[in-house]
There are 2 protein chains.
Amino acid sequence: MNVNEALDLLKSNGYKATGKRKDILDYFAEQDGYRTAKDLIIHLENGNDTVSFDTIYRNLHLYNEMGILETTELSGEKHFRMNCGNHHHHHFICNECGRTKAIDVCPMDDVKKSLVNYAIEGHKFEIYGLCPTCQNN
Amino acid sequence: MNVNEALDLLKSNGYKATGKRKDILDYFAEQDGYRTAKDLIIHLENGNDTVSFDTIYRNLHLYNEMGILETTELSGEKHFRMNCGNHHHHHFICNECGRTKAIDVCPMDDVKKSLVNYAIEGHKFEIYGLCPTCQNN
DNA sequence: TTTACAAATCGGAATCATTACGTTATTATA
DNA sequence: TATAATAACGTAATGATTCCGATTTGTAAA
């Protein structure tokens with residue numbers, strides 16, 4: 001997902017393409033890992049932009065619902081990143097820099113066999129650690 | 001893990017077996033799913049017990065570090081349950097009642113092959129949905 | 001291009017889980 | 001039972017997130 005695809009998606013769903021929305025998309029497009037609402041706020045403030053919590057959180061949630069951003073919760077704080085593809089996948093997440101590596105292994109086929117009377121609504125599979133770069137710092 | 005095992009573990013590590021600690025263990029022993037600090041507080045208050053946040057959180061963390069309680073984070077809130085065994089396993093977690101079912105499938109052996117230069121520090125694999133009981137309510 | 005209105009943003013207060021802290025009480029041990 | 005260390009109390013502080021009334025902005029129609 002890139003910025004233009006995301007903007008098109010917004011418009012085709014009747015949402016307005018505002019300046020703030022573009023700024024937020026630009027930020028996540030140039031990152032390649034999970035970032036928090038606070039990371040985003042700091043970035044925008046450095047660009048001499050004013051930001052309201054309302055605007056930040058409303059749009060992060062909207063983007064997540066629309067599939068523009070993926071989200072995960074790490075130590076009590078929501079983290080967001082650009083959606084990196086339409087195929088089902090999971091992530092290695094670096095504890096230091098938040099950057100990710102896609103993992104194509106998914107154990108759900110195996111698991112479903114042992115949950116026959118359960119209604120499965122979702123699952124989470126994440127691997128945490130240090131990426132090659134952060135191991136040398 | 002049952003209450004007596006946990007109390008022995010506490011004592012053998014030099015921790016005191018206080019009334020509050022027993023109350024907290026009793027609570028988790030009679031539950032069979034993930035519960036929050038708030039769930040515990042409400043339970044203790046109903047028993048006409050006074051509770052300090054300090055006591056609750058300090059002991060929840062202690063129990064987690066000692067392996068007496070397992071923990072996971074669901075929608076921004078930490079959840080705890082009695083440790084249900086020494087073997088490595090994962091959980092199906094009911095979105096309605098918090099009860100769990102152990103899952104023995106673990107995909108990490110497969111995954112490690114694609115993360116050769118990464119330092120793996122942990123992983124999380126959880127399945128969410130409705131248990132058989134909660135589907136009928 | 002202006003107008004009009006719905007949608008979005010602003011600024012700040014409120015909320016909720018969790019942590020921190022000085023004081024008081026309880027536990028284990030001698 | 002006296003002692004010292006550990007734990008609990010009560011409450012204030014913190015940090016992320018949500019909420020809200022007032023104001024501004026984007027878009028579609030005139």
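Chain letters run A, B, ... following the sequence lines, proteins first, then strands; residues in each count from 1. This one's a predicted model, so the numbers in the text were calculated from it and none came from an experiment.
- Heavy-atom nearest nucleotides on DNA chain C were determined for B:Phe53 and for B:Ala17, and the one closer to the 5' end corresponds to B:Phe53.
- Phosphate proximity of C:dT18 to B:Tyr57: present, with a side-chain N or O under 4.0 Å from OP1 or OP2.
- When the C1' atom of C:dT9 is taken as reference, atom CG of A:Leu44 falls 13 Å away, rounded to whole Å.
- Taking side-chain N and O atoms only, A:Lys78 has no distance below 4.0 Å to OP1 or OP2 of D:dA16.
- Minimum atom distance to the side chain of A:Arg21 is reached by C:dT9, of the listed C:dT9, D:dA5, D:dC9.
- Residue B:Phe53 places its CZ atom among 12 or fewer non-hydrogen atoms of other residues, nucleotides or ligands, all under 6.0 Å distant.
- Taking atom CG of residue A:Asn64 and atom C1' of nucleotide D:dT17, one finds them 15 Å apart after rounding to whole Å.
- Among the atoms of the strands shown, only primed sugar atoms or phosphate atoms (P, OP1, OP2) are found under 4.0 Å from some heavy atom of B:Tyr15.
- Rounded to whole Å, the distance from CD1 on B:Ile41 to C1' on C:dC16 is 12 Å.
- Straight-line distance from the CD atom of A:Glu45 to the C1' atom of C:dC10: 13 Å, rounded to whole Å.
- The aromatic ring centres of A:His123 and B:His90 sit 6.0 Å or more apart.
- A:Arg58 comes within 4.0 angstrom of a nucleotide base, judged by non-hydrogen atoms across all strands.
- Taking atom CD1 of A:Ile24 as the reference point, atom P of C:dA8 lies 12 Å away to the nearest angstrom.
- For A:Thr36, no side-chain nitrogen or oxygen approaches OP1 or OP2 of D:dA16 to under 4.0 Å.
- Across the protein-nucleic acid pair, A:Leu10 atom CG and D:dG26 atom C1' stand 13 Å apart, rounded to whole Å.
- At whole-Å resolution of the value, CG in B:Leu74 and C1' in C:dC16 are 16 Å apart.
- Within a 6.0 Å sphere centred on CG of B:Asn46, heavy atoms belonging to other residues, nucleotides or ligands number more than 12.
- With no hydrogens or angles considered, a side-chain donor-acceptor pair links A:Asn95 and B:Glu121 at under 3.5 Å.
- Between the side chains of B:Thr72 and B:Lys124, at least one donor N or O sits under 3.5 Å from an acceptor N or O.
- Nearest to the side-chain atoms of A:Ala37 among the listed nucleotides D:dG10, C:dT27, D:dT17 stands D:dT17.
- At most 12 non-hydrogen atoms from other residues, nucleotides or ligands lie less than 6.0 angstrom from OH of A:Tyr15.
- Among the nucleotides D:dA16, D:dA8, C:dC10, the one closest to the side chain of A:Thr55 is C:dC10.
- When each of C:dC21, D:dC20, D:dG26 is scored by its nearest atom to the side-chain atoms of A:Asp54, the top-ranked nucleotide is D:dC20.
- Residue B:Thr18 places no side-chain N or O under 4.0 Å from the OP1 or OP2 atom of C:dT27.
- With rounding to whole Å, B:His79 atom NE2 is found 12 Å from C:dA17 atom C1'.
- For the pair B:Lys38 and B:Lys16, both in contact range of DNA chain C, the more 5′-proximal nearest nucleotide belongs to B:Lys38.
- OP1 or OP2 of C:dT18 has not a single side-chain nitrogen or oxygen of B:His61 nearer than 4.0 Å.
- Between A:Lys20 and D:dT24 there is no side-chain N or O to OP1 or OP2 distance below 4.0 Å.
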